[in-house]
Amino acid sequence: MPFQIPRGTQDVLPGETEKWQHVEQVVRSLCGRYGYEEIRTPIFEHTELFLRGVGDTTDIVQKEMYTFEDKGGRALTLRPEGTAPVARAFVEHKLYGSPNQPVKLYYTGPMFRYERPESGRFRQFVQFGVEVLGSSDPAVDAEVIALAMHIYNELGLQHIRLVINSLGDLDSRRAHREALVRHFESRIHELCEDCQARLQTNPLRILDCKKDRGHELMATAPSILDYLNDESRAYFEKVKHYLAVLDIPFVVDSRLVRGLDYYNHTTFEIMSDLEGFGAGATLCGGGRYNGLVQEIGGPETPGIGFALSIERLLAALEAEGGELPVRRGLDCYVVAVGEQAKTEAVRLVYELRRAGLRVDQDYLGRKMKAQLKAADRLGASFVVMIGDEELESGAATVKDMASGEQMKVPFGELAHVLAKRTGREE
RNA sequence: GCGACUAUGGCGAAGUGGUUAACGCACCAGAUUGUGGCUCUGGCAUGCGUGGGUUCGAUUCCCACUAGUCGCCCCA
């Protein structure tokens, strides 16, 4: 094998692309219904954007970025996530001045993280995400969550679970952080190395640690929910209230922290309940990030959004045995025997295509029998056969592949007759 | 970044330190001189991830590399 695909990337081949197209179509259609418009940002950004936006204590920044220097000496990075770029575009194009507020955007495209590939984890993967900028109405939190759930429902996913939490506002977070440090400080040496480092950088993340999960300090650790100030608590209650109104089931998990620094107030994850979804069980993750826009130099603007992985979505659908579109067959395959017939076939195939039919013909010089076989494999509903006989009589032989029935149709009427029989024409 | 397992034709999959690398599917051809899906017959890897080493001899043993799968970390 002279060349191999780079590690952690994948080709999506015909037969598979139809599934992607289907998901993309559903997603776009629902976004339209919810009033979201598409935004497209570049695949790379200045590295600084992610340092500031995502947070330099995060794993994404510390060890997962595809960073490079271009010929002009600029430090650039293949985007590891979509929110910071969208926020950058929001500020750069002054969308905060747009008459339509809040600004509701969606995006889809490849993201890049330098990680060891495993089940449901790739170095290049495709995310779909939405961002709402300019509103701190808890109803927006509910809308965003509803949209994510709606997408999964629409695609037929059954076994999913919505988990939500609140990190509160800055004051609440600060109070909680101090409580955490007080709680762990004296006995931090009992926890793993990572957690010892986290005590300084991001004590919240200690709660998320899988290694120390069983430690008694974890069970007794102060819950963020107990440190929410009145305002934050009221906000969270509102979000839960709206979710209840929408009849969207959820569970609250006070340890749902999430890996990106910019989150506050509502955070949520949608996970697959199926067995065997270890690393890839998180289908969708999101939350509110009221400080982000300001952090990257824009006006104080609240925001909330989520991102989901198309790969994981498809894997979950596959695992649940959900219905996904398969390759569509041809309407018609034109079989030709002989030079003259071949010429007529070339002409006819084009004519039928112009008439809106899905049509193909043989390009390998195969015999009639093999051409029929090819037609069968391509799922052709009809085969049009042309040989000396047909050329003489001026009528092609049309075979209905399902029934095996045959009939003669004058060349001039083929387009019309086939269009009618295949339902491609009114 | 750490760990485990794996790597044979287009796909799946057996196999052995030594003359011709099973089998199944797919594909091609023929039986059928103009007709697919069924059946039968025949064809289809000078090659066993890449590079070294051990050996008289390696696809088979050893090492490295690459890649895949799964787990940890973390996440989508």
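Below, read A as the first sequence line, B as the second, and so on, with proteins coming before strands; counting in each chain starts at 1.
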remark   = Between CD1 of A:Ile5 and C1' of B:G49 the distance, given in whole Å, is 16 Å
request  = Represent RNA chain B in dot-bracket notation, 5' to 3'. Only Watson-Crick or G-U wobble pairs with both distances under 3.5 Å count; pseudoknot-style crossings use [ ] and interstrand partners use |.
outcome  = (((((((..(((.....[....))).(((((.......))))).....(((((..]....))))))))))))....
inquiry  = Distance check, P atoms only: B:G36 and B:A14, in whole angstrom units.
reply    = 36 Å
ask   = Of all residues at least two apart in sequence or in a different chain, which pass the ring pair (Phe, Tyr, Trp, His ring centres under 6.0 Å) check with A:Tyr262?
value = A:Tyr289
message = Distance check, P atoms only: B:U41 and B:A26, in whole angstrom units.
response = 15 Å
key: Separation between the C1' atoms of B:U66 and B:C56, rounded to whole Å   = 31 Å
ask   = So, is A:Ser119 near the phosphate of B:C70, with a side-chain N or O under 4.0 Å from OP1 or OP2?
value = yes
inquiry  = In whole Å, measure the gap between the P atoms of B:C27 and B:G15 for me.
reply    = 28 Å
query = Listed by chain and number, what are the side chain to side chain donor-acceptor pair (under 3.5 Å) partners of A:His22, not counting sequence neighbours?
reply = none
request  = Using a strict 4.0 Å threshold on nitrogen-to-oxygen distance, state whether A:Arg28 and A:Glu38 make a salt bridge.
outcome  = yes
request  = Inspect the contact between A:Lys408 and A:Glu389 and indicate whether a charged nitrogen and a carboxylate oxygen are less than 4.0 angstrom apart.
outcome  = yes
Qualifying residues under side chain to side chain donor-acceptor pair (under 3.5 Å), relative to A:Ser172, sequence neighbours excluded = A:Asp169, A:Asn229, A:Ser232
query = Considering residues at least two apart in sequence or located in another chain, which fulfil the ring pair (Phe, Tyr, Trp, His ring centres under 6.0 Å) criterion with A:Phe268?
reply = none
message = Using a 3.5 Å distance criterion without hydrogens, assess whether the side chain of A:Ser403 forms a donor-acceptor pair with backbone atoms of A:Glu405.
response = yes
note = Contacts of A:Tyr114 meeting ring pair (Phe, Tyr, Trp, His ring centres under 6.0 Å) (sequence neighbours excluded), chain-then-number -> A:Tyr66
request  = Under the side chain to side chain donor-acceptor pair (under 3.5 Å) rule, collect the residues that match up with A:Glu351, sequence neighbours excluded.
outcome  = A:Arg347
Protein-nucleic acid N or O pairs under 3.5 Å, nucleotides 35-38 of chain B:
| unit_1 | atom_1 | unit_2 | atom_2 | d |
| --- | --- | --- | --- | --- |
| B:U35 | O2 | A:Lys399 | NZ | 3.1 |
| B:U35 | O2 | A:Gln406 | OE1 | 3.0 |
| B:U35 | N3 | A:Gln406 | OE1 | 2.6 |
| B:U35 | N3 | A:Gln406 | NE2 | 3.4 |
| B:U35 | O4 | A:Gln406 | NE2 | 3.1 |
| B:G36 | OP1 | A:Lys369 | NZ | 2.9 |
| B:G36 | O2' | A:Asp376 | OD2 | 3.3 |
| B:G36 | N7 | A:Lys399 | NZ | 3.0 |
| B:G36 | N1 | A:Met401 | O | 2.5 |
| B:G36 | N2 | A:Asp376 | OD1 | 2.9 |
| B:G36 | N2 | A:Met401 | O | 3.0 |
| B:G36 | N3 | A:Asp376 | OD1 | 3.3 |
| B:G37 | O4' | A:Asp376 | OD2 | 3.4 |

ask   = What does A:Gly82 touch in the nucleic acid at a heavy-atom separation under 4.0 angstrom: a base, only the sugar-phosphate, or nothing?
value = nothing
inquiry  = Can you check the distance between B:U55 and B:G71, where both ends of the measurement are the P atom (answer in whole Å)?
reply    = 42 Å
task = May I have the distance from A:Phe122 (atom CZ) to B:G68 (atom P), rounded to whole angstrom?
result = 10 Å
query = Using a cut-off of 4.0 Å on non-hydrogen atoms, how would the nucleic acid contact of A:Phe306 be classed: base, sugar-phosphate, or nothing?
reply = nothing
ask   = Is the base of B:A76 touched by the side chain of A:Glu269 through a donor-acceptor pair closer than 3.5 angstrom?
value = no
request  = Report the distance from atom CD of A:Glu118 to atom C1' of B:U69, rounded to the nearest whole Å.
outcome  = 10 Å
request  = Measure from the side chain of A:Gln4, starting at C-beta and using heavy atoms only, and say which of B:A67, B:C28, B:A76 lies closest.
outcome  = B:A67
inquiry  = Distance check needed: B:C74 P versus A:Lys63 NZ, whole Å only.
reply    = 7 Å
task = Quickly work out the A:Leu364 CG to B:A29 C1' distance and round it to whole Å.
result = 15 Å
task = Find the distance A:Gln371:CD to B:G34:C1' and express it as a whole number of Å.
result = 10 Å
Kindly give the atom pairs (protein nitrogen or oxygen, nucleotide nitrogen or oxygen) under 3.5 Å for nucleotides 3-12 of chain B.
| unit_1 | atom_1 | unit_2 | atom_2 | d |
| --- | --- | --- | --- | --- |
| B:G3 | O6 | A:Arg116 | NH2 | 3.3 |

key: Salt-bridge contact A:Lys342-A:Asp362 (side-chain N to carboxylate O under 4.0 Å)   = no
Pairwise P distance for B:G51 and B:G9, with rounding to whole Å = 15 Å
inquiry  = Please enumerate all residues that pass ring pair (Phe, Tyr, Trp, His ring centres under 6.0 Å) together with A:Phe122, with sequence neighbours excluded.
reply    = none
Atom C1', compared across B:U35 and B:A22: separation rounded to whole Å = 37 Å
remark   = Hits for side chain to side chain donor-acceptor pair (under 3.5 Å) against A:Thr47, two or more places apart or cross-chain, chain-then-number order -> A:Thr77
query = When the C1' atoms of B:A76 and B:G43 are considered, how many whole Å apart are they?
reply = 49 Å
A:Phe125 or A:Pro117, whichever maps to the more 5' nucleotide of RNA chain B = A:Pro117
ask   = To the nearest Å, how far apart are A:Met65 CE and B:C74 P?
value = 19 Å
request  = Report which part of the nucleic acid A:Glu115 touches: base, sugar-phosphate, or nothing (heavy-atom distance under 4.0 Å, all strands).
outcome  = base
ask   = When all nucleic acid strands are considered with a 4.0 Å heavy-atom cut-off, which category describes A:Ala307: base, sugar-phosphate, or nothing?
value = sugar-phosphate
Exercise answer: donor-acceptor pairs, residues 144-155 of chain A side-chain atoms, under 3.5 Å, sequence neighbours excluded:
| unit_1 | atom_1 | unit_2 | atom_2 | d |
| --- | --- | --- | --- | --- |
| A:His150 | ND1 | A:Tyr34 | OH | 2.6 |
| A:Tyr152 | OH | A:Leu283 | O | 3.2 |
| A:Asn153 | ND2 | A:Met149 | O | 3.3 |

query = Across the strands shown, which category fits A:Glu389 at heavy-atom distances under 4.0 angstrom: base, sugar-phosphate, nothing?
reply = base
task = Specify the separation, in whole Å, of atom CZ of A:Arg7 and atom P of B:U66.
result = 8 Å
key: Atom CG of A:Asp388: over 12 foreign heavy atoms under 6.0 Å   = no
